[in-house]
Amino acid sequence: MSKKLNEDQMKQTMLENTEYDSQDKEEIWNKIEFEIKQSDRKNKKQTLKKRYAVLITVAAAVFLLFGTEAGTGYALIDKVKQLFVPEKKVPLPIEGTEEETDVTLKESADYVIYVDEEHYRYEEKAGYDLIVPKVDLPERYPEVSMEIRQITDKKPDEVLKDVQAELKKSFPELKNPEKVTTPIQGWMLKGIAGVEWNSPVTKTFIVSNGQAGSFVIKQTYFLEASEGHAVRFDNMLKEFKLIPKE
Amino acid sequence: MELTEKKLIQDIVGGDKAAFKKLYDIHFNQGMRTAIAITRDREVAKDALQETFIRVYRNLSSYDENQPFEPWFYRILINECNRLLKKEAKMKQLVQVQKTEVIHSDYGKKEEYDDLYEAIQSLKDMYRHPLILKYLKGFTERDIAICLEINMNTIKTRLLKGREKLRKLLSEKRGGQDV
């Protein structure tokens with residue numbers, strides 16, 4: 001069988017074996033239309049309910065944390081930190097299989113995060129914190145890191161524009177900002193500079209610091225590491241929690 | 001991206017439901033066929049395609065229209081197929097004990113495919129998905145790389161190895177004849 005014939009046959013067999021009922025198109029469309037209408041209606045109703053629920057929850061949390069012990073801020077912050085166990089195991093889906101990873105609590109003044117110390121080390125730098133591979137990668141690999149930086153005087157929407165402009169310089173094909181809820185709630189900017197194994201990738205999250213500022217969490221890796229380092233970074237980020245201010 | 005598709009997407013983001021129906025009409029056929037090939041199950045394929053269009057509708061506002069639409073669309077579709085297949089596998093595990101007899105009696109209903117399609121479907125996903133995207137969807141290697149978020153050289157290698165494996169499988173099936 002020649003290469004050309006082989007390719008034609010590949011196409012032909014796939015077409016022949018993926019036939020579907022003519023009614024499927026309308027049936028699926030009706031379901032899509034119904035689902036969209038339902039969720040639009042539901043969203044409208046829930047918006048108001050949610051606003052009240054959030055207010056009540058926040059008020060209750062503030063009372064529980066601060067209401068009973070006014071004036072003992074540091075003790076309270078310690079109390080909050082104590083809510084986090086120093087070490088734990090978390091499931092981690094890596095390249096198609098699920099493994100369990102030990103993670104260790106790291107505390108900064110404003111947040112806590114669980115770091116996978118089997119693979120990474122946590123470094124406190126001037127003005128930011130950095131999580132990098134425990135063993136330095138050989139030179140042929142591009143940078144791999146997750147940087148956590150706090151900007152205390154700008155809210156996420158303001159920071160977003162600055163970060164977007166900065167990233168565009170290295171990632172001309174930077175995707176539009178996306179609102180995400182996982183691994184963390186906030187804005188996400190993703191850029192890939194090329195389609196080679198070592199093409200740099202950034203996934204940058206901009207989240208509120210719970211006050212008038214933001215955290216910018218920048219993951220840097222390369223395309224081939226999308227199923228490895230990127231998954232491990234996201235997994236650590238899921239455990240990122242803010243420390244309430246006194 | 002073609003100008004008409006770009007306009008269509010802008011209209012959908014602006015709230016035009018008819019434009020969304022047009023987008024559905026354009027991508028239904030190949031989307032459905034790809035989902036059937038990926039899931040090997042028409043019912044799961046229908047659910048995956050339905051969920052994909054709903055996700056596309058909800059996320060179009062964050063989609064970068066300067067990027068090609070189809071690799072983005074098919075990335076969502078393949079993710080949905082994989083998600084539903086995992087869910088399906090868990091369900092099957094749960095009922096396996098009670099349903100042993102039923103499964104046994106259903107054995108004869110297995111869909112019959114020709115040798116080549118059966119061989120394609122017997123490959124690992126890492127070879128099967130790029131082959132489906134290339135030959136059924138008609139994607140270039142670059143589109144496949146963007147869609148699967150894997151580098152282009154890896155895609156080239158997987159297509160090449162996938163075809164080699166197919167030749168070997170068919171040759172074994174046909175008693176050592178060259179294919």
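All figures in this text were calculated on a predicted structure; none of them were measured in a lab. Proteins come first, then strands; the chains are lettered A, B, ... in the order of their sequence lines, and each starts at number 1.
B:Leu131 approaches A:Met14 most closely through the heavy-atom pair O-CE, 3.6 Å.
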Kindly determine whether A:Glu19 and B:Arg42 satisfy salt bridge (Lys or Arg N to Asp or Glu O under 4.0 Å), including the steps that lead there. CA-CA 9 Å; A:Glu19 290 289 345; B:Arg42 279 169 172 72; over 6 Å; no

Would you sort out whether B:Glu141 and A:Val195 count as a side-chain contact (heavy atoms from CB on, under 4.5 Å), showing the intermediate values? CA-CA 10 Å; B:Glu141 285 158 355; A:Val195 289; over 6 Å; no

Between B:Asn29 and A:Tyr20, is the side-chain contact (heavy atoms from CB on, under 4.5 Å) condition met? List the steps. CA-CA 9 Å; B:Asn29 178 44; A:Tyr20 52 87; 2.7 Å; yes

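Using a 30° and 60° split on the angle between ring planes, A:Trp29 and B:Tyr24 fall in the tilted class, from 30° to 60°.
When heavy atoms are compared at a cutoff of 4.5 Å, B:Ile120 approaches chain A solely by way of its side chain, counted from C-beta outward. Proximity to chain B (any heavy atom under 4.5 Å) is restricted, for A:Ile192, to the side chain, taken from C-beta onward. Neither the backbone nor the side chain of B:Ile155 comes within less than 4.5 Å of any heavy atom of chain A.
For the atom pair CD1 of A:Ile36 and NZ of B:Lys17, the computed distance is 7.0 Å after rounding to the nearest 0.5 Å. Taking CH2 of B:Trp72 as the start and NZ of A:Lys175 as the end, the distance is 9.5 Å to the nearest 0.5 Å. Distance CG/B:Asn153 to CG/A:Leu223: 11.0 Å, rounded to 0.5 Å. Taken from NZ in B:Lys137 to NZ in A:Lys11, the straight-line distance is 9.0 Å, to the nearest 0.5 Å. Atom CD of residue A:Glu35 and atom CD of residue B:Glu51 lie 6.5 Å apart, to the nearest 0.5 angstrom. One distance of note links CG of B:Asn151 with OG of A:Ser226; it measures 9.5 Å at 0.5 Å rounding.
Taking a 6.0 Å sphere around CD of A:Glu173, one finds it holds 12 or fewer heavy atoms contributed by other residues, nucleotides or ligands. Within 6.0 Å of CD in B:Glu164 there are more than 12 heavy atoms belonging to other residues, nucleotides or ligands. Counting non-hydrogen atoms of neighbouring residues, nucleotides and ligands closer than 6.0 angstrom, the NZ atom of B:Lys124 reaches no more than 12 such neighbours. The environment of A:Lys161 atom NZ is sparse: at most 12 non-hydrogen atoms of other residues, nucleotides or ligands sit within 6.0 angstrom. The 12-atom threshold is not exceeded at NZ of A:Lys218, counting heavy atoms of other residues, nucleotides or ligands nearer than 6.0 Å.
Among the candidates A:Asn17, A:Asp24, A:Thr18, the single residue satisfying the side-chain contact (heavy atoms from CB on, under 4.5 Å) test with B:Ile36 is A:Thr18.
Using a cutoff of 4.0 Å between basic side-chain nitrogens and carboxylate oxygens, B:Lys46 and A:Glu27 are scored as salt-bridged. Under the 4.0 Å criterion applied to side-chain N and carboxylate O atoms, B:Lys134 and A:Glu7 are not assigned as salt-bridge partners. Salt-bridge formation is not detected for the pair A:Glu16/B:Arg33: no Lys NZ or Arg NE/NH1/NH2 atom is positioned less than 4.0 Å from an Asp or Glu carboxylate oxygen.
Side-chain contact between B:Leu136 and A:Leu15: present, with at least one pair of heavy atoms (C-beta onward) separated by less than 4.5 Å. Using a 4.5 Å heavy-atom cutoff, the side chains of A:Ile32 and B:Tyr57 are not in contact. Inter-residue side-chain proximity for A:Lys25 and B:Asp25 is flagged as met; some heavy-atom pair is nearer than 4.5 Å.
No donor-acceptor contact under 3.5 angstrom links the side chains of B:Asn59 and A:Glu178, judged on distance only.
Between chain A and the residues B:Ile150, B:Ile146, B:Thr154, B:Ile132, the most heavy-atom pairs under 4.5 angstrom are made by B:Ile132. Chosen from B:Met152, B:Glu149, B:Gln50, B:Arg142, the residue pairing most often with chain A at heavy-atom distances under 4.5 Å is B:Gln50.
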